[in-house]
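Since the structure comes first, as structure tokens, the remarks are kept for the end.
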Protein chains: 2
Amino acid sequence: MKEDYGVHAMYLKALSDETRLKIFDMLSNGELCACDILEEFNITQPTLSYHMKILSESGLVDSRRDGVWMKYSINRKNLEALKQLFDNIGLNMDNTSSHL
Amino acid sequence: MKEDYGVHAMYLKALSDETRLKIFDMLSNGELCACDILEEFNITQPTLSYHMKILSESGLVDSRRDGVWMKYSINRKNLEALKQLFDNIGLNMDNTSSHL
DNA sequence: CGACGATATAGAGAGATGTCAATGTGTATG
DNA sequence: CATACACATTGACATCTCTCTATATCGTCG
């Protein structure tokens with residue numbers, strides 16, 4: 001439970017790019033196709049494809065074909081795993097000098 | 001509240017390196033000096049210094065001098081801000097097809 | 001099948017990142 | 001002050017990252 005730094009680091013790396021973080025946030029409102037996402041950014045289609053590949057391969061985003069379109073959505077299980085990381089860090093926190 | 005993708009991306013980038021993620025986790029058990037952290041890794045002292053600078057400048061880690069030592073600790077306010085990002089993503093999530 | 005629209009892949013280039021050895025800076029202590 | 005210890009900075013290097021243009025692939029429809 002404490003040794004999957006590699007996996008968590010991969011999740012964080014996937015979200016550490018501002019474009020990808022925005023995309024991930026967009027997906028929190030539901031499944032989107034690549035064309036919908038592309039409209040929101042000033043990047044080319046291949047660049048978006050590159051970012052979606054990184055998000056998909058990290059495991060944080062799922063993809064499926066729907067006819068001609070690729071639909072992307074958040075993988076909740078892995079998002080929860082990532083949240084768990086931060087929750088555990090919070091738990092370990094020494095609370096004696098709580099000047100939050 | 002929705003436009004600080006840049007700041008959040010910076011937090012995530014700071015934690016997206018496996019070494020830095022481990023360090024951050026170590027700090028959740030309380031303040032540590034650089035020498036303590038260095039013992040846990042197979043990296044040189046300048047490399048650790050480089051990582052600590054990235055963590056400190058991101059805002060997720062605080063540093064203070066204690067005589068000859070540098071003491072590092074987690075900045076809770078900014079950790080909470082980062083957690084908030086994930087909580088908000090969770091909130092937006094469409095729950096109709098909850099196959100978690 | 002042939003053409004078209006949506007997405008993926010390849011190749012290239014500029015810049016960022018992680019690492020080290022060497023050296024500098026700051027703090028205590030004799 | 002001189003020395004030693006803890007940490008920071010510099011410079012160099014290999015690798016990774018993000019972006020683009022050009023081209024390929026895949027699915028649909030006539």
Side-chain angles (χ1 to χ4, degrees), chain A residues 5-27 30-75 82, chain B residues 5-27 30-75 82:
Chain A
Y5 293 109
V7 175
H8 287 301
M10 186 177 57
Y11 292 159
L12 294 167
K13 184 160 292 184
L15 297 179
S16 70
D17 178 88
E18 192 170 343
T19 299
R20 291 195 294 268
L21 183 56
K22 285 185 190 175
I23 292 171
F24 196 71
D25 194 36
M26 288 172 66
L27 291 177
E31 197 180 51
L32 290 173
C33 80
C35 50
D36 293 330
I37 300 171
L38 186 57
E39 287 182 346
E40 297 295 316
F41 297 92
N42 283 323
I43 58 178
T44 62
Q45 176 269 320
T47 298
L48 177 63
S49 191
Y50 162 79
H51 285 306
M52 297 318 296
K53 188 174 186 179
I54 289 177
L55 285 169
S56 297
E57 290 184 344
S58 78
L60 284 176
V61 166
D62 292 325
S63 62
R64 68 182 183 90
R65 241 210 147 75
D66 179 10
V68 177
W69 299 279
M70 286 297 299
K71 300 286 188 77
Y72 296 99
S73 58
I74 288 180
N75 181 307
L82 182 53
Chain B
Y5 292 109
V7 174
H8 286 301
M10 185 177 57
Y11 292 160
L12 293 167
K13 183 160 292 182
L15 297 179
S16 70
D17 178 88
E18 192 169 343
T19 299
R20 290 195 294 267
L21 183 56
K22 285 185 191 177
I23 292 170
F24 196 70
D25 194 37
M26 288 172 66
L27 291 177
E31 196 179 52
L32 290 173
C33 78
C35 51
D36 293 329
I37 299 170
L38 186 58
E39 287 183 344
E40 297 294 317
F41 298 92
N42 283 323
I43 58 178
T44 62
Q45 176 269 320
T47 297
L48 176 64
S49 191
Y50 163 79
H51 287 305
M52 297 318 297
K53 188 175 184 178
I54 288 178
L55 286 169
S56 297
E57 289 184 345
S58 78
L60 285 175
V61 166
D62 291 325
S63 62
R64 67 181 183 90
R65 244 213 142 74
D66 179 11
V68 177
W69 300 278
M70 286 297 298
K71 300 286 189 76
Y72 296 99
S73 57
I74 289 180
N75 181 307
L82 181 52

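We name chains A, B, ... by the order of the sequence lines, and we start the count at 1 in each one.
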Open item on the list: Using whole Å, what does the distance between atom P of nucleotide dC7(D) and atom CZ of Arg64(B) come to?
Closed with: 12 Å

Open item on the list: Ignoring hydrogens and geometry beyond distance, is a side-chain donor-acceptor pair present between Asp62(B) and Tyr72(B) at under 3.5 Å?
Closed with: no

TODO: Rounded off to whole Å, could you give me the NZ-to-C1' distance for the Lys13(A) and dC16(D) pair?
DONE: 8 Å

Task: Under 4.0 angstrom between Arg65(B) side-chain N/O and dA6(D) OP1 or OP2 - done: no

Task: Donor-acceptor contact present, side-chain Ser56(B) to main-chain Met52(B), <3.5 Å - done: yes

Task: Residue mapping more 5' on DNA chain C - nearest nucleotide basis, Val68(A) or Pro46(A) - done: Val68(A)

- [ ] Name the first nucleotide and the last nucleotide along DNA chain C (5' to 3') that come under 4.0 Å of a heavy atom in chain A.
- [x] dA6(C) to dT9(C)

Open item on the list: Is the phosphate of dC7(D) approached by Ser49(B) (side-chain N or O, under 4.0 Å from OP1 or OP2)?
Closed with: no

Open item on the list: Using whole Å, what does the distance between atom P of nucleotide dC18(D) and atom CZ of Phe41(A) come to?
Closed with: 14 Å

Open item on the list: Keeping Arg20(B) on the side-chain end and Ile54(B) on the backbone end, is there a donor-acceptor pair under 3.5 Å?
Closed with: no

- [ ] State whether the side chain of Ser49(B) and the backbone N or O of Pro46(B) hold a donor-acceptor pair below 3.5 Å, judged by distance alone.
- [x] no

TODO: Hey, which sits more toward the 5' end of DNA chain D by its nearest nucleotide, Thr19(A) or Asp66(A)?
DONE: Thr19(A)

- [ ] Send over the distance from Trp69(A) CH2 to dT28(D) P, rounded to a whole Å.
- [x] 9 Å

Task: Between dA8(D) (P) and Leu38(B) (CG): distance, integer Å - done: 11 Å

Open item on the list: Over all strands shown, is Tyr72(A) touching base, sugar-phosphate only, or nothing at heavy-atom distances under 4.0 angstrom?
Closed with: sugar-phosphate

Task: Non-hydrogen side-chain atoms of Leu55(A) and Leu15(A) separated by less than 4.5 Å - done: yes

- [ ] Could you tell me whether the side chain of Met70(B) reaches within less than 4.5 Å of the side chain of Arg65(B), counting heavy atoms only?
- [x] yes

TODO: Could you tell me the separation between the NZ atom of Lys71(B) and the P atom of dA6(D), rounded to a whole number of Å?
DONE: 13 Å

Open item on the list: Between Tyr50(B) and Gln45(B), is there a side-chain heavy-atom distance shorter than 4.5 Å?
Closed with: no

Task: Contacting residues from residues 51-59 of chain B, given that a heavy atom lies under 4.0 angstrom of DNA chain C - done: His51(B), Ile54(B)

- [ ] Kindly indicate whether the side chain of Leu32(A), heavy atoms from C-beta on, has any atom under 4.5 Å from the side chain of Lys71(A).
- [x] no

TODO: Nearest whole angstrom, please: distance from the C1' of dT17(D) to the CG of Asp17(B).
DONE: 14 Å

TODO: Take atom CG of Asp66(A) as the centre, draw a 6.0 Å sphere, and report whether it contains more than 12 heavy atoms from other residues, nucleotides or ligands.
DONE: yes

